Colleague: 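What follows is a single structure, and I will ask about it in a moment.
Remember, predicted model here, so these are calculated numbers, not experimental data. When reading the values below, keep in mind they use all heavy atoms of this one structure, side chains included, and skip hydrogens, waters and symmetry mates. Throughout, a chain's letter reflects where its sequence line sits, starting with A, and its residues are numbered from 1.
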There are 2 protein chains.
Amino acid sequence: MFSKACEYGIKATIFIAVKSLHDQRVSLKEIAEEIDSPVAFTAKILQLLAKSGIVDSHKGPTGGFQMDRTGIDNVKVYDIVCAIDGDKIFNGCGLGLKQCDAEHPCPVHDKFIGIRENLTTMLQKTSMFELATGLDIGLTQLKR
Amino acid sequence: MFSKACEYGIKATIFIAVKSLHDQRVSLKEIAEEIDSPVAFTAKILQLLAKSGIVDSHKGPTGGFQMDRTGIDNVKVYDIVCAIDGDKIFNGCGLGLKQCDAEHPCPVHDKFIGIRENLTTMLQKTSMFELATGLDIGLTQLKR
DNA sequence: CCAATAAAGGATATTTAGGTCTTTTTATCA
DNA sequence: TGATAAAAAGACCTAAATATCCTTTATTGG
Ligand code: FES
Ligand code: FES
């Protein structure tokens with residue numbers, strides 16, 4: 001469904017959101033441990049998320065990653081997926097035609113379009129706040 | 001969503017079904033042209049589909065690929081996806097946890113499970129016959 | 001100012017997906 | 001029966017995703 005980079009990116013952002021809700025900045029090392037991801041690779045992904053304005057980063061001692069309250073409420077899973085994997089999964093043809101076009105549909109177009117819309121809507125509606133609170137109260141987990 | 005191999009496999013099978021409905025066997029070359037795919041790579045995929053019993057293959061002059069009427073009715077998109085990409089997309093965790101487990105869910109589990117079920121059901125219900133007839137009457141297309 | 005800390009950046013390595021090429025096997029039919 | 005046609009099989013190549021390593025830059029606190 002998503003690339004590894006995107007999976008790490010989503011998990012990292014949720015974790016940063018949890019910590020930010022407790023007014024804590026969190027370091028790359030801590031993130032990688034918490035989401036069970038390779039440190040250096042995670043660094044690349046966080047760089048991209050920082051450039052995209054999804055998370056804030058600070059260098060130096062006491063540095064690390066964080067989100068402000070507005071971000072925690074406004075950033076949706078959809079934004080992270082777009083930033084890392086692009087929008088192919090939301091707009092692309094399920095059978096790989098150059099573009100998905102209802103006027104010239106592939107054989108699965110009509111069947112796919114509904115599911116793709118459900119996925120898009122779901123990801124557009126799901127905020128970091130919602131996912132972060134579930135994690136914070138122990139309902140969900142980021143590794144196993 | 002699907003791998004390239006899987007996209008080619010689905011398209012190839014639909015095309016073979018169309019031709020089989022007209023009692024025509026079809027060669028690798030013809031298939032690759034019709035679905036706009038690399039010939040040698042398509043050969044590999046068709047080998048796998050033949051081994052999986054999804055299509056029948058015959059060597060020699062007049063040889064090629066075909067499906068019997070039972071296969072055209074019974075083979076579902078789901079079967080092709082499982083044969084080529086495996087069932088990770090149907091059972092795997094959306095965030096890449098080692099296994100998707102409702103007792104120990106990842107943050108997106110509850111949101112994902114419904115969409116994943118819709119996708120699975122849709123692919124399990126969609127037969128080659130249905131897709132082949134749509135293509136045959138010109139409603140849909142395999143390349144662009 | 002300086003030492004320590006942490007992210008940014010860039011070069012490199014590894015693994016997997018995607019794709020090609022050549023040889024072998026099987027079947028047809030003239 | 002032998003020339004030919006077509007898929008099967010296996011070795012090989014290429015590009016992209018994943019992952020690592022090293023150097024640079026920014027920030028902090030003493
Ligand atoms: S054309 Fe293939 S999904 Fe729309
Ligand atoms: S645990 Fe992640 S989708 Fe079920």
Colleague: Please tell me if the side chains of A:F65 and A:L49 come closer than 4.5 Å, counting only heavy atoms from C-beta onward.
Modeller: no

Colleague: Starting at the 5' end of DNA chain C and moving along, which residue's nearest nucleotide shows up first, B:C6 or A:G64?
Modeller: A:G64

Colleague: Looking at D:dT20, D:dA9, C:dG19, which one has an atom nearest to any side-chain atom of B:K51?
Modeller: D:dA9

Colleague: Any non-hydrogen side-chain atom of A:T62 less than 4.5 Å from a side-chain atom of A:R25?
Modeller: yes

Colleague: Using a heavy-atom cut-off of under 4.0 Å over every strand shown, decide if A:K29 touches base, sugar-phosphate, or nothing.
Modeller: nothing

Colleague: Does one side chain, of A:H22 or A:D136, offer a donor that lies under 3.5 Å from an acceptor on the other?
Modeller: yes

Colleague: If I take atom CG in residue B:D36 and atom P in nucleotide C:dG19, what distance separates them, rounded to the nearest angstrom?
Modeller: 11 Å

Colleague: Does the base of C:dG18 carry an N or O that pairs as donor and acceptor with the side chain of B:K44 under 3.5 Å?
Modeller: no

Colleague: What's the CG-P distance between A:L48 and D:dA17, to the nearest Å?
Modeller: 13 Å

Colleague: Measure from CG on B:L28 to P on D:dA5 and round the result to the nearest Å.
Modeller: 15 Å

Colleague: Give the intermediate values and the outcome of salt bridge (charged side-chain N to carboxylate O under 4.0 Å, His left out) for residues B:E130 and B:K125.
Modeller: CA-CA 10 Å; B:E130 182 178 353; B:K125 282 191 178 161; over 6 Å; no

Colleague: Nearest heavy-atom pair of A:I54 and A:A83: which atoms, and what distance?
Modeller: CD1-CB, 3.9 Å

Colleague: Could you check how far CD1 of A:I45 sits from P of D:dA19, rounded to whole Å?
Modeller: 8 Å

Colleague: For the pair made of CG in A:L46 and C1' in C:dG9, what is the distance, rounded to whole Å?
Modeller: 14 Å

Colleague: Can you tell me the distance, in whole Å, between the CG atom of B:D85 and the P atom of C:dT16?
Modeller: 16 Å

Colleague: Report each atom pair, protein N/O against N/O of nucleotides 22-30 of chain D, whose distance is under 3.5 angstrom.
Modeller:
| unit_1 | atom_1 | unit_2 | atom_2 | d |
| --- | --- | --- | --- | --- |
| D:dA26 | O4' | A:K59 | NZ | 3.4 |

Colleague: Please determine, by modelled atom types, if B:D85 and B:S3 share a side-chain donor-acceptor pair under 3.5 angstrom.
Modeller: yes

Colleague: Does B:Y8 place a side-chain N or O at less than 4.0 Å from the phosphate oxygens OP1/OP2 of C:dG18?
Modeller: no

Colleague: Ignoring the backbone of A:F65, work out which of D:dA8, C:dA7, D:dT18 is nearest its side chain.
Modeller: C:dA7

Colleague: Between C:dT14 atom P and A:F41 atom CZ, what is the distance in whole Å?
Modeller: 17 Å

Colleague: Can you measure B:Q24 atom CD to D:dA6 atom P for me and round it to whole angstrom units?
Modeller: 15 Å

Colleague: For residues B:Q66 and B:V26, determine if any side-chain heavy atom of one lies less than 4.5 Å from a side-chain heavy atom of the other.
Modeller: no

Colleague: Below 4.0 angstrom from OP1 or OP2 of C:dA8, is there any side-chain N or O of A:S57?
Modeller: yes

Colleague: Please confirm whether the shortest side-chain N or O distance from B:Q47 to OP1 or OP2 of D:dA9 is below 4.0 Å.
Modeller: yes

